[in-house]
Amino acid sequence: MRESKSFQRFQSRFTYLKQHGQVVDVALNKMFNQLKNKRLNNNTLCANLNVSTEKYNNLNIPSTEYARLVNYSKKENSEYCFIELYNIFASYMKEILKEMYQLRPKSITSKSNKALNYSKIAEFSTYEEIVNFIIDDIFRSLENLRRTPKLVKSIINHTKIQIPQALSDSAMMYLSIRHLIVHNDSKIDQEFYDKYRNKLTISLNGKVPTDFSTFQIAMQSLYDYIKAIDNELILKGFINSRE
């Protein structure tokens, strides 16, 4: 199967994140059920979990607190997973920039009007360091566009690759959840509501959906989208396939 070095790295990070999300969900569900069955025995959470009060002193609280604690941890983990999902997506986009540069340098450097002066060049000891600096600088400038669709468009627009609109729309929807988590206190803003109210069960100013099931769907959506981009870039000769 054709895939780039960047995609292989993405796939590895993707798998670890998916496993992490599932491990934590299993652990929290088991913890919830265990504490629920013991919630009326007047013990602390530490006692009912049979863990050290010295090591886990913040769990030395009434067992009746179990639901609040577990639900809070589930929410925090879900939000972390959505943020990390964006991070591995961004890492892939940055890495394909480098792969594209290696084959067609001008197609990437044309995205910036900056130039390296002699003193800056003298700071680098290898050509690889120069390339890394250029890619980092260009990617930072593209990320400053704030919105993920603009970032993607800026990186691959000139390639003319064809990605199914449904794949793109779905991936952008789930990646936009990260933007709301980070920049809008996890609340649905007007733009997101107007755009996705027919695709997700959401309400204006309500919390973004970050539950376990939604995250699993989001991961598959992003995987399919990145796979389509990778295949197209290889087919069009913008990056190399690593068999």
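The structure displayed is predicted, hence computed values, not measured ones.
- Across all their heavy atoms, F10 and I88 have their closest contact at CD1-O, 3.8 Å.
- Applying the 6.0 Å contact sphere to NZ of K75 captures more than 12 heavy atoms from other residues, nucleotides or ligands.
- Under the 4.5 Å side-chain contact rule for hydrophobic residues, V26 and V51 do not share a cluster.
- Of the N and O atoms on the side chains of D230 and S4, at least one donor lies less than 3.5 Å from an acceptor on the other residue.
- We find the OG-CG distance between S63 and L35 to be 5.0 Å, quoted to the nearest 0.5 Å.
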**Report entry** Chi angles and distances behind the side-chain contact (heavy atoms from CB on, under 4.5 Å) call for S168, M172
**Finding:** CA-CA 6 Å; S168 179; M172 292 304 106; 4.3 Å; yes
Query raised in the report: Going through the checks in order, is the side-chain contact (heavy atoms from CB on, under 4.5 Å) test met by D224 and Q220?
Result: CA-CA 6 Å; D224 294 342; Q220 189 60 53; 2.9 Å; yes
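- Hydrophobic clustering of Ile, Leu, Val, Met, Phe, Trp and Tyr side chains at less than 4.5 Å, counting indirect connections, unites F32 with I61.
- In terms of modelled atom types and a separation under 3.5 Å, the side chain of D211 and the main chain of S213 share a donor-acceptor contact.
- Residues N43 and K38 have side chains not in contact (no heavy-atom distance under 4.5 Å, counting atoms from C-beta outward).
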**Report entry** Check against side-chain contact (heavy atoms from CB on, under 4.5 Å), L222 and Y174
**Finding:** CA-CA 8 Å; L222 186 70; Y174 289 114; over 6 Å; no
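- Residue L235 is not grouped with residue I163 when hydrophobic side chains (ILVMFWY) are merged at heavy-atom distances under 4.5 angstrom, including chains of intermediate members.
- Between Y223 and F7, the distance separating the two ring centers is shorter than 6.0 angstrom.
- The structure places CG of L17 at 10.0 Å from CD of Q22, a figure rounded to the nearest 0.5 Å.
- Contact record, S6 with E99: OG-OE2, 2.5 Å, taken as the closest heavy-atom pair.
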Requested in this report: Test S221 against Y225 for side-chain contact (heavy atoms from CB on, under 4.5 Å), laying out the working first.
Outcome: CA-CA 6 Å; S221 175; Y225 181 59; 5.7 Å; no
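- Remark: Y193 engages no residue in a ring pair (Phe, Tyr, Trp, His ring centres under 6.0 Å) (not counting sequence neighbours).
- Checked by atom type and distance alone, the side chain of S91 pairs as donor or acceptor with a backbone atom of N87 at under 3.5 Å.
- Every residue meeting the ring pair (Phe, Tyr, Trp, His ring centres under 6.0 Å) condition with F82, not counting sequence neighbours, appears here in chain and number order: F215.
- Cation-pi check for K74 over F212 is not met; the charged atom does not lie both under 6.0 angstrom from the ring centroid and within 45 degrees of its normal.
- Residue K207 qualifies as enclosed at atom NZ: its count of foreign heavy atoms under 6.0 Å is above 12.
- Side chain of N57 to main chain of T53: no donor-acceptor pair is present (N/O by atom type, distance under 3.5 Å, no hydrogens or angles).
- The side-chain contact (heavy atoms from CB on, under 4.5 Å) with I177 is formed by just one residue from the set I188, T210, L85, I83; it is T210.
- Between K236 and E232, at least one side-chain N (NZ, or NE/NH1/NH2) sits under 4.0 Å from a carboxylate O, which counts as a salt bridge.
- Remark: I239 CD1 to L233 CG distance equals 4.5 Å, nearest 0.5 Å.
- Side-chain contact between L200 and F192: present, with at least one pair of heavy atoms (C-beta onward) separated by less than 4.5 Å.
- N29 contributes a side-chain N or O that, together with a main-chain N or O of D25, makes up a donor-acceptor pair within less than 3.5 Å.
- Taking the side chain to side chain donor-acceptor pair (under 3.5 Å) definition, one finds that E54 meets it with nothing, sequence neighbours left out.
- Both V182 and Y86 sit in one connected hydrophobic cluster of ILVMFWY residues. Membership requires side-chain heavy atoms under 4.5 Å apart, directly or through other members.
- Aromatic ring centres of Y80 and H20 lie closer together than 6.0 Å.
- To the nearest 0.5 Å, atoms CG (N231) and CD1 (I226) are separated by 11.5 Å.
- Between atom CZ of residue R2 and atom CG of residue N240 there is a gap of 12.5 Å, rounded to the nearest 0.5 Å.
- Counted within 6.0 Å of NZ on K187, heavy atoms from surrounding residues, nucleotides or ligands total 12 or fewer; the atom is thus considered open.
- To the nearest 0.5 angstrom, L45 atom CG is 10.5 Å from Y66 atom OH.
- The aromatic ring centroids of F89 and Y92 lie 6.0 Å or more from each other.
- Inter-residue side-chain proximity for L59 and L69 is flagged as met; some heavy-atom pair is nearer than 4.5 Å.
- With Q34 as the partner, the side-chain contact (heavy atoms from CB on, under 4.5 Å) test is satisfied by one option alone out of N48, N50, L49: L49.
- Contact between S176 and Y196 at its shortest, heavy atoms only, is OG-OH, 4.4 Å.
- In plain terms, the two heavy atoms of N60 and C46 that are nearest each other are N-SG, 3.7 Å.
- At a threshold of 4.5 Å between side-chain heavy atoms, the hydrophobic network of Ile, Leu, Val, Met, Phe, Trp and Tyr places V23 and F14 in two separate groups.
- For the pair P209 and T201, the minimum side-chain heavy-atom distance is 4.5 Å or more.
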Query raised in the report: After noting the C-alpha distance and the side-chain angles of E3 and S241, does the key distance pass the side-chain hydrogen bond (donor to acceptor under 3.5 Å, both in side chains) rule?
Result: CA-CA 5 Å; E3 55 192 27; S241 173; over 6 Å; no
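- In this structure, the side chain of T15 engages the main chain of Q11 through a donor-acceptor pair within 3.5 Å.
- Ion pair E191/R197 not flagged as a salt bridge, since none of the NZ, NE, NH1 or NH2 atoms sits closer than 4.0 Å to an Asp/Glu carboxylate oxygen.
- Ionic pairing of K98 and E95 is not present here: no N-O contact between side-chain nitrogen and carboxylate oxygen is shorter than 4.0 angstrom.
- Within a 6.0 Å sphere centred on CG of N37, other residues, nucleotides and ligands contribute more than 12 heavy atoms.
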